[in-house]
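All values derive from a computational prediction rather than experimental measurement. The chains referred to below are lettered A, B, ... by the order of the sequence lines, with proteins before strands, and numbering in each begins at 1.
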Amino acid sequence: MRLTRYFLPVLKENPAEAQIVSHRYMLRAGMIRQQAAGIYSWLPLGYRVLRRIEAIVHEEQGRAGHIPVLMPTLQPADLWRESGRYDAYGPEMLRLKDRHERELLYGPTNEEMITDIFRAHVSSYRDLPLTLYHIQWKFRDEMRPRFGVMRGREFLMKDGYNFDIDREAALHAYNRHMVSYLRSYERMGLTAIPMRAASGPIGGDDTHEFLVLAQTGESEVFYDDRVTALKLGARAIDYDDRAQVAAVCAEFTALYARTDETHDPAAFAAIPEARRKVGRGIEVGQIFYFATKYSEPMGAVVVNEKGERVPVHMGSHGIGVSRLVGAIIEASHDERGIVWPLEVAPFPVGIVNLKQGDGAADAACAGLYAALAARGIEALYDDRDERAGAKFATMDLIGLPWRITVGPRGLAAGKVELTSRRTGESEEMSPEAAVTRVAALCGGRAG
RNA sequence: CGGAGUGUGGCGCAGCCUGGUAGCGCACCUGCUUCGGGAGCAGGGGGCCGGAGGUUCGAAUCCUCUCACUCCGACCA
């Protein structure tokens with residue numbers, strides 16, 4: 001993408017309303033625009049990141065055997081009366097009426113609707129297990145939205161719902177979600193720690209939250225420092241292997257890690273003092289097993305092997321997709337701007353032409369751009385007629401992982417410069433070598 | 001929902017107390033000079049001052065109502 005043909009409305013100054021770093025940088029980097037309290041438009045750069053996060057979630061859910069669907073944002077009130085939540089849910093739920101005075105609501109979650117879909121089409125244990133998920137916009141009319149997309153009223157969520165014949169099968173689904181979530185976060189460059197949580201309005205017995213450590217987190221967290229070193233890495237996971245999936249979950253939940261809601265001071269005190277950590281975390285996902293809480297009142301039953309009608313065991317499992325954009329920035333930035341992890345970066349590499357209009361520089365940049373494109377790498381080429389300082393400042397702000405700097409001085413020696421946004425380290429090399437190197441560095445990234 | 005604030009051009013702000021018809025920086029447009037870390041000079045365009053009433057010869061400024069947004073708290077992915 002050539003910057004002169006793109007839409008990247010960056011701000012030099014800090015908008016007054018932005019209190020935390022992710023909100024500031026998202027506004028300054030032209031990623032979002034607020035349209036009402038807690039409601040945002042996603043501008044091209046922000047939308048790219050959002051779509052990349054979405055793509056990772058889709059891929060990892062697919063690997064776990066979970067099936068995508070898409071449910072509407074508006075739901076009929078009657079469905080929620082069946083579960084009793086129409087009245088139980090407070091003013092957080094946005095209620096509205098259509099022209100025929102029919103009561104609707106903008107979905108804050110989808111347990112009722114997915115259960116309705118299930119009961120209409122599934123009636124035998126032979127069709128289980130089944131896990132459906134969707135990524136859709138939701139609305140919760142928070143009293144006080146703040147921190148940009150970290151706590152908006154409208155937000156994009158991945159929600160997964162599993163349907164299983166019994167508790168044991170449902171817990172395997174729970175475990176699949178935990179592992180697939182850990183893989184998703186890891187791919188996004190995050191360390192997200194599963195912590196036993198309190199169940200809240202969704203209900204249920206077993207539940208874990210996933211917390212990204214950050215000073216601006218909304219929850220106080222207590223943990224054994226060793227949990228931060230756990231990595232899935234490239235290990236192969238067979239999601240049908242109950243024992244293996246359970247073992248991975250055990251590995252990641254064995255060490256102490258709790259939010260303030262479930263904190264156990266005695267257990268915490270048993271950890272060696274050097275490893276005992278108190279910090280803050282951003283919640284980026286939560287998984288629940290809630291047995292037959294919805295299937296019983298809503299009549300989601302299947303016939304089992306013995307011919308008996310039994311309510312299915314369910315769970316629901318969410319990832320805050322739009323919130324993750326903010327969480328990643330909170331976890332990865334410096335004083336000059338965002339530092340995107342490669343997998344979620346809007347572009348993997350930027351090309352800075354230091355002297356636009358200079359024949360050699362223009363030609364070298366165009367050549368680099370085309371050579372990268374030929375290798376499937378889309379660069380953001382800053383071809384504006386701006387001074388070097390302005391171009392560097394923009395690149396630093398928007399945080400692309402790699403930058404190729406092209407100027408007459410270097411070109412005279414046949415060199416361009418490749419710079420890492422994360423480390424700031426630069427290396428001079430020929431344009432051809434830069435293309436090869438960038439291709440190698442970005443090889444693992446799709447797009 | 002309690003408490004505290006703020007609404008003046010795309011962004012950041014001044015002007016309001018002490019009414020006289022709007023200003024600064026950034027951004028934008030034109031020209032010249034610059035050109036490896038947010039350039040300089042000159043010229044230029046853009047705002048019914050959140051909205052509605054009221055007071056007044058006259059309201060961004062004073063009064064009333066209203067809407068929106070922000071911050072602190074309680075709540076929440």
Side-chain angles (χ1 to χ4, degrees), chain A residues 7 9-20 23-24 27-28 30 33-39 43 89-93 108-110 135-159 181 192 197-202 207-212 217-219 259 261 281-288 316-327 336-337 352-358 361 382 384-397 403-412 415-417 419 424 426 428:
Chain A
F7 180 56
V10 299
L11 302 174
K12 196 185 270 191
E13 293 174 85
N14 278 321
E17 75 270 19
Q19 299 299 305
I20 62 169
H23 191 192
R24 273 206 307 276
L27 290 167
R28 285 196 51 206
R33 174 170 176 82
Q34 178 168 314
Q35 307 288 178
I39 299 176
L43 306 184
Y89 230 97
E92 269 196 355
M93 184 155 76
T109 181
N110 291 73
I135 297 179
Q136 178 62 289
W137 291 93
K138 302 185 151 196
F139 194 89
R140 288 185 195 163
D141 199 358
E142 300 284 348
M143 266 179 234
R144 193 182 158 210
R146 62 184 121 173
F147 303 150
V149 300
M150 296 272 290
R151 187 157 163 215
R153 290 193 292 172
E154 187 183 48
F155 53 96
L156 188 63
M157 281 236 5
K158 174 269 174 183
D159 270 293
Y181 281 22
S199 66
I202 312 275
T207 176
H208 280 84
E209 297 181 322
F210 296 81
L211 279 291
V212 172
E218 72 274 45
S219 310
T259 64
E261 292 176 322
I282 300 166
E283 190 188 333
V284 293
Q286 187 160 9
I287 55 178
F288 299 89
S316 71
H317 316 280
I319 290 182
V321 175
S322 51
R323 161 174 267 220
L324 271 166
V325 180
R336 296 201 309 275
V352 170
N353 186 344
L354 293 176
K355 196 170 177 68
Q356 206 68 41
D358 176 272
D382 189 345
R384 294 175 302 167
D385 187 16
E386 286 286 344
R387 298 164 64 86
K391 293 192 176 191
F392 289 142
T394 297
M395 279 294 169
D396 289 344
L397 175 63
R403 183 184 85 204
I404 303 175
T405 309
V406 179
R409 188 192 300 169
L411 283 178
K415 305 283 191 189
V416 297
E417 187 181 63
T419 306
S426 289
E428 294 205 330

Measure CG/A:Asp385 against P/B:rG38 and give the value in whole Å, please. 16 Å

Between CD of A:Glu92 and P of B:rA74 the distance, given in whole Å, is 16 Å

Ring-on-base stacking between A:Phe155 and B:rA77, under 5.5 Å between centres and under 30° between planes: is it there? yes

Between A:Lys391 and A:Arg33, the residue closer to the 5' end of RNA chain B by nearest nucleotide is A:Arg33

Considering just the side-chain nitrogens and oxygens of A:Lys355, establish if one lies under 4.0 Å of OP1 or OP2 belonging to B:rC35. no

Any side-chain N or O of A:Arg387 below 4.0 angstrom from OP1/OP2 of B:rG38? no

C1' gap between B:rA14 and B:rU61, integer Å: 13 Å

Examine B:rU70: is either OP1 or OP2 under 4.0 Å from a nitrogen or oxygen in the side chain of A:Gln34? Give yes or no. yes

Interatomic distance at C1', B:rA74 relative to B:rC62, whole Å: 37 Å

Heavy atoms, side chains only, cut-off 4.5 Å: are A:Asp382 and A:Phe392 in contact? no

Please enumerate all residues that pass ring pair (Phe, Tyr, Trp, His ring centres under 6.0 Å) together with A:His23, with sequence neighbours excluded. none

Can you tell me how far P of B:rC76 sits from CD of A:Glu154, to the nearest Å? 22 Å

Quick check for you: among B:rC71, B:rC28, B:rG38, whose closest atom lies nearest to any side-chain atom of A:Arg146? B:rC71

Counting the atoms with a prime plus P, OP1 and OP2 as sugar-phosphate, which does A:Gly318 contact under 4.0 Å by heavy atoms, base, sugar-phosphate, or nothing? nothing

